[in-house]
Amino acid sequence: MVYFLFFIVFFRIAFIHPLLSFCYIVGLAGAGVSLTQHGNSRLLLKSFNSKYIFFLLFILLYSLIVDLCTMNLFNNLNSSFSVRTITIILGSILSAYFIVCFFNVNSKCFLYKIIKWVFILQLFFWLATFFSPSFKSFIYYINGMSGSSNLNDFNALVRGFGYSTEINYTTPILMVVLCIFYIRNIKLSFVTVLTQIINSNLASIGLILSFMLSKVNFLIKLLSITLFFLFILVLGAEFFPRFYDEFVNGDGLRTINILLESHLTITNTYLYEHIFGSFRYLFHGSDVYRSDIGWIILYNYGGIAFTFLVVGYFVNLICLSFKSKRERLLFFILFLILNTKGLVLGVNSFVFILHVFLFSNVLIREKVRS
């Protein structure tokens with residue numbers, strides 16, 4: 001059961017519509033466990049410090065005030081930051097809490113075993129959707145993603161394989177990082193890297209980051225990365241057309257140039273708008289302007305103040321989740337990358353896995369003390 005629940009939350013499996021994600025059901029179970037079992041509720045509170053509560057509470061209050069003032073809370077729930085924050089609590093925080101506490105994930109070995117088998121299952125879905133376009137269409141339909149660009153003629157056979165609503169964003173790079181940095185299974189890591197680079201070019205950054213920050217011998221790191229990119233150079237045109245076109249045929253800056261040219265929009269004009277934001281929602285079609293860059297979305301919405309709250313929340317969460325400097329640096333860089341690729345403040349595998357590590361490490365410390 002724990003493998004199944006981890007799979008549906010990490011990959012944010014939904015039914016008919018992306019907002020109807022099963023992770024919310026798991027989150028409700030987590031809320032029920034925290035309310036009915038005193039020991040587990042104490043464990044939940046013990047996992048957080050005052051900074052965590054401060055940042056999360058003020059993100060919620062700030063966004064609630066803005067959403068009420070702009071009437072966005074009533075007119076467009078999909079882009080409401082206050083609703084987004086509440087769904088994070090339910091879909092990522094409480095779901096992670098339920099999985100870790102209810103199934104007593106109190107050892108790194110058990111946690112890594114869960115991640116390993118969940119990823120193996122995802123790779124089977126990847127293969128099924130890669131070799132069967134009709135099955136891919138079916139998976140997208142039941143996930144509520146039948147309108148996805150991954151089903152367009154120019155993408156159908158080259159990207160978006162697997163069973164996840166986060167298939168173009170957080171899951172490819174996280175699968176690579178978790179496999180290389182934690183699981184350390186050579187075969188699984190190799191297959192994961194190959195398959196996820198097809199889904200997202202960000203997976204290649206995950207490969208480099210994981211190797212550079214791991215404790216593997218430097219020469220082995222250099223040799224492995226060199227061999228991998230030689231493999232891409234020789235066979236990339238046939239097996240990795242998007243990656244090959246971006247980094248071999250192109251200068252590797254095409255995506256960055258698109259982001260800079262089309263998504264770098266600042267609507268803040270006056271000083272107070274730069275500090276507190278112009279309260280504009282540059283995503284989900286809520287404004288005449290649109291941006292995919294998380295930093296731009298945050299800055300236009302809530303200015304320096306709201307951006308500071310979000311950064312503070314994630315920095316504190318990363319520090320709570322990990323004691324190792326390498327791990328903290330790794331996930332902080334991932335945070336910077338993912339919030340440039342999209343808006344990381346949401347229900348996604350990045351927020352979920354951080355809380356999984358947080359709650360699991362608390363259980364491990366409790367186990368050692370007892």
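Just so you know, residue 1 is the first one in the sequence shown, and it goes up from there.
Ala305 pairs by the side chain to side chain contact (heavy atoms under 4.5 Å, CB included) definition with Tyr62, Phe276, not counting sequence neighbours.
Ser80 and Asn72 share no donor-acceptor pair across their side chains, judged by distance under 3.5 Å alone. Neither side chain, Asn143 nor Thr165, offers a donor N or O lying under 3.5 Å from an acceptor on the other. Ser349 and Thr171 are not linked by any side-chain donor-acceptor pair at a separation below 3.5 angstrom, with hydrogens and angles left out of the test. Under the 3.5 Å distance criterion, with hydrogens and angles disregarded, a donor-acceptor pair is assigned to the side chains of Asn316 and Asn49. Donor-acceptor pairing under 3.5 Å is lacking for the side chains of Glu273 and Tyr299. Looking only at atom types and distance, the side chain of Thr340 has a donor-acceptor partner in the side chain of Trp295 under 3.5 Å away. Defined by atom type and a distance below 3.5 Å, a donor-acceptor pair is present between the side-chain atoms of Ser82 and Asp67.
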So Phe119 and Phe11, side chain to side chain contact (heavy atoms under 4.5 Å, CB included) or not? Walk me through it. CA-CA 10 Å; Phe119 285 3; Phe11 294 106; 4.0 Å; yes

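Side-chain atoms of Ile337 and Leu209, non-hydrogen and from C-beta on, do get closer than 4.5 Å to each other. Residues His355 and Tyr97 form no side-chain contact, since every pair of their non-hydrogen atoms from C-beta on lies 4.5 Å or further apart.
Residue pairs that meet the side chain to side chain donor-acceptor pair (under 3.5 Å) test with at least one member in residues 4-15, sequence neighbours left out, are Arg12-Glu166.
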